[in-house]
Amino acid sequence: MKNKGRKLKISIIGLGFVGLSLAVTNAKKGFKTIGVDIDKNKIENLKIGIPPFYEPKLQKFLDDSLKTGSIKFMTDLKNALLNSDLSFLCVGTPPAKNEKIDLRYIKSATKKIHEILKLKEKYHLLVIKSTVAPETTKKVIIPVFRDLIDKGSLDIVTNPEFLREGTAINDLLHPHLIVIGEYEKKAGNHLERYYKQFYDTLPETIHTDTTSAELIKYANNTFLATKISFINSLANICQNLSGTDINTIAKAIGKDPRIGPLFLQAGPGFGGSCLPKDLSALINFSNKFEKTNGLFKAVVSVNQNQPIKILKLLNNFKFLKKTKTISILGLAFKKDTDDIRAAVSIEITKLLLKKNLKIKVYDPMAMDNFRKLFKEKIVYCSSIDECLKDSDCCFVLTEWDSFKKLKPEKFKKLMRTPNVIDARRILDPKKFSDVNFKAVGLGN
Ligand code: UGA
């Protein structure tokens with residue numbers, strides 16, 4: 001094997017979803033890793049092996065790394081920077097009120113990092129992982145560090161991340177692509193050196209300028225969102241056409257290699273902390289260029305209407321005249337996460353509450369997060385059975401594996417009236433023919 005040189009020491013600044021997944025994966029790969037965050041409580045918990053969110057494999061990677069001592073957690077940014085060669089900046093870029101992104105954390109972190117790196121003699125590489133609007137690296141971040149870049153003691157590269165919640169660690173171990181945004185080849189090559197140490201075989205890597213790298217990240221998520229709104233638009237047509245099924249249509253068009261089968265699963269609309277936020281940010285960013293974002297606005301509009309379309313399926317059942325009980329199975333924005341950010345379950349619960357319905361909910365992971373939001377307005381159940389008991393209609397809103405196994409008998413046995421709305425298409429309509437069954441994209 002080629003000599004890949006001394007293993008670089010890594011610091012990760014900002015231990016949110018991307019930062020923490022990255023930190024434990026680096027540590028597990030044998031890099032001396034320091035995770036740093038301003039949240040003292042989070043750091044104290046991480047030191048004793050308690051992660052702030054659920055993600056498959058995260059706990060195991062964290063436990064293993066703490067045991068071997070390859071990971072350290074601290075709030076001391078100076079210590080972290082002076083004792084590492086390369087830092088990933090992973091601070092949050094939440095949506096701002098005007099649909100731009102909030103650069104507050106980027107600005108305060110870069111200012112502090114600059115103050116510390118001024119004191120450092122050895123070369124340092126700062127890698128921007130946070131999702132930022134095009135030109136942020138060039139116009140907001142690089143100017144802060146201009147003196148150090150000119151002196152040759154620092155380089156900055158933009159290196160967007162494509163990892164998905166629920167499969168983050170696998171995505172880090174097996175990425176489909178690495179994108180390196182650089183202002184000169186030397187800067188990008190430094191990052192490539194790290195990736196050559198991380199991977200036995202370097203994954204496909206595209207070198208580009210920093211602005212294109214930022215735009216690639218938005219383009220990726222916007223394209224995925226577009227596919228979902230496209231299939232949901234067709235699903236809504238299918239709902240009006242007897243005998244049709246969106247799943248068959250998605251399967252057929254997905255066979256065309258120019259289209260592809262992924263992200264054509266009709267459902268209640270996309271949620272999560274990334275697709276909705278990045279789409280809005282791109283729309284906002286491109287507002288300054290005439291007539292460039294009509295398509296993206298349509299994608300948002302379809303998505304905003306999708307919970308209403310799902311709710312309208314209720315009209316097929318006759319029971320709504322009196323106060324009734326509704327069960328919601330699935331609160332997380334997708335399976336294998338406890339994340340409810342921009343989850344469709346929130347919108348649907350709000351709309352149902354307006355109709356004066358009693359709401360019972362169950363999710364294998366996201367109950368605590370949902371409770372913080374709706375408090376005593378709804379009923380929290382500790383099992384599927386408890387949630388279905390004496391209910392008049394059940395919405396399936398998340399595609400958890402445990403829900404996929406549900407049999408019609410359970411709904412018939414437990415519910416007062418077995419009305420079922422499958423917003424995720426995880427139940428087989430043929431098997432559910434003797435309950436009142438409606439599903440997204442399924443013709444009458
Ligand atoms: C998304 C991207 O997939 C990642 O590549 C990206 O790195 C990440 O955002 C990010 O920017 O950090 P994630 O938010 O974890 O990842 O979730 P997705 O798997 O993209 O799902 C987003 C939403 O679309 C979910 O609500 C999901 O249920 C929905 N979806 C997905 C559908 O309704 N239909 C589909 O066919 C696929």
Side-chain angles (χ1 to χ4, degrees), residues 14 16-22 53-56 90 92-95 101 129-133 159-172 174-179 213-236 246-247 249-251 253-254 259-282 299-300 302-303 306-307 309-310 330-348 363 366 396-400 403 422-426 440-441:
F17 173 73
V18 171
L20 184 57
S21 305
L22 198 59
F53 54 84
Y54 171 75
E55 175 66 27
C90 302
T93 48
I101 50 164
K129 278 275 177 209
S130 305
T131 300
V132 289
N159 178 218
E161 200 51 69
F162 304 102
L163 54 88
R164 297 160 292 177
E165 292 188 31
T167 53
I169 289 185
N170 275 351
D171 290 347
L172 282 166
H174 311 284
H176 65 279
L177 178 70
I178 292 171
V179 174
E214 292 159 338
L215 195 52
I216 286 168
K217 170 71 189 186
Y218 277 138
N220 216 88
N221 276 352
T222 301
F223 190 77
L224 295 174
T226 305
K227 279 188 103 174
I228 299 168
S229 278
F230 170 84
I231 207 68
N232 283 343
S233 298
L234 280 173
N236 297 337
I246 191 62
N247 282 358
I249 292 164
K251 190 175 172 191
I253 64 171
I259 297 175
L262 303 178
F263 272 72
L264 287 180
Q265 180 59 57
F270 55 82
S273 68
C274 304
L275 264 51
K277 181 189 81 155
D278 292 357
L279 193 52
S280 294
L282 182 60
V299 172
V300 171
V302 171
N303 202 53
Q306 200 58 11
K309 294 277 182 199
I310 297 294
L331 305 172
F333 84 98
K334 63 174 185 180
K335 71 169 184 171
D336 293 338
T337 175
D338 59 0
D339 196 346
I340 58 160
R341 283 176 291 176
V344 184
S345 57
I346 299 174
E347 190 56 27
I348 293 209
D363 187 283
V396 180
L397 292 187
T398 311
E399 73 286 20
W400 284 99
F403 300 165
D422 179 5
R424 285 286 183 172
R425 298 306 307 272
I426 56 169
V440 63

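Counting convention: from 1, in listed order, for ligands and their atoms alike. Computed from a predicted model, the values in this text were never measured in an experiment. Both backbone and side-chain heavy atoms feed into the values below; hydrogens, waters and symmetry mates do not.
Around atom NZ of Lys129, more than 12 heavy atoms belonging to other residues, nucleotides or ligands sit under 6.0 Å away. More than 12 heavy-atom neighbours from other residues, nucleotides or ligands sit within 6.0 angstrom of CZ on Phe403.
Protein residues lining ligand 1, listed by chain and number: Glu161, Phe162, Leu163, Arg164, Glu165, Lys217, Asn221, Leu224, Ile228, Phe263, Leu264, Gln265, Phe270, Gly271, Cys274, Leu275, Asp278, Phe333, Lys334, Arg424 [non-hydrogen atoms, distance under 4.0 Å].
Take Thr167 and apply the side-chain hydrogen bond (donor to acceptor under 3.5 Å, both in side chains) test, not counting sequence neighbours, and it matches Arg164, Asp171. Every side-chain hydrogen bond (donor to acceptor under 3.5 Å, both in side chains) that Asp339 has, sequence neighbours left out, goes to Arg341. Looking at residues two or more places apart in sequence or on another chain, you find no ring-ring contact (aromatic ring centres under 6.0 Å, His included) involving Phe223.
Without hydrogens or angle criteria, Asn232 side chain to Gly267 main chain gives a donor-acceptor distance under 3.5 Å.
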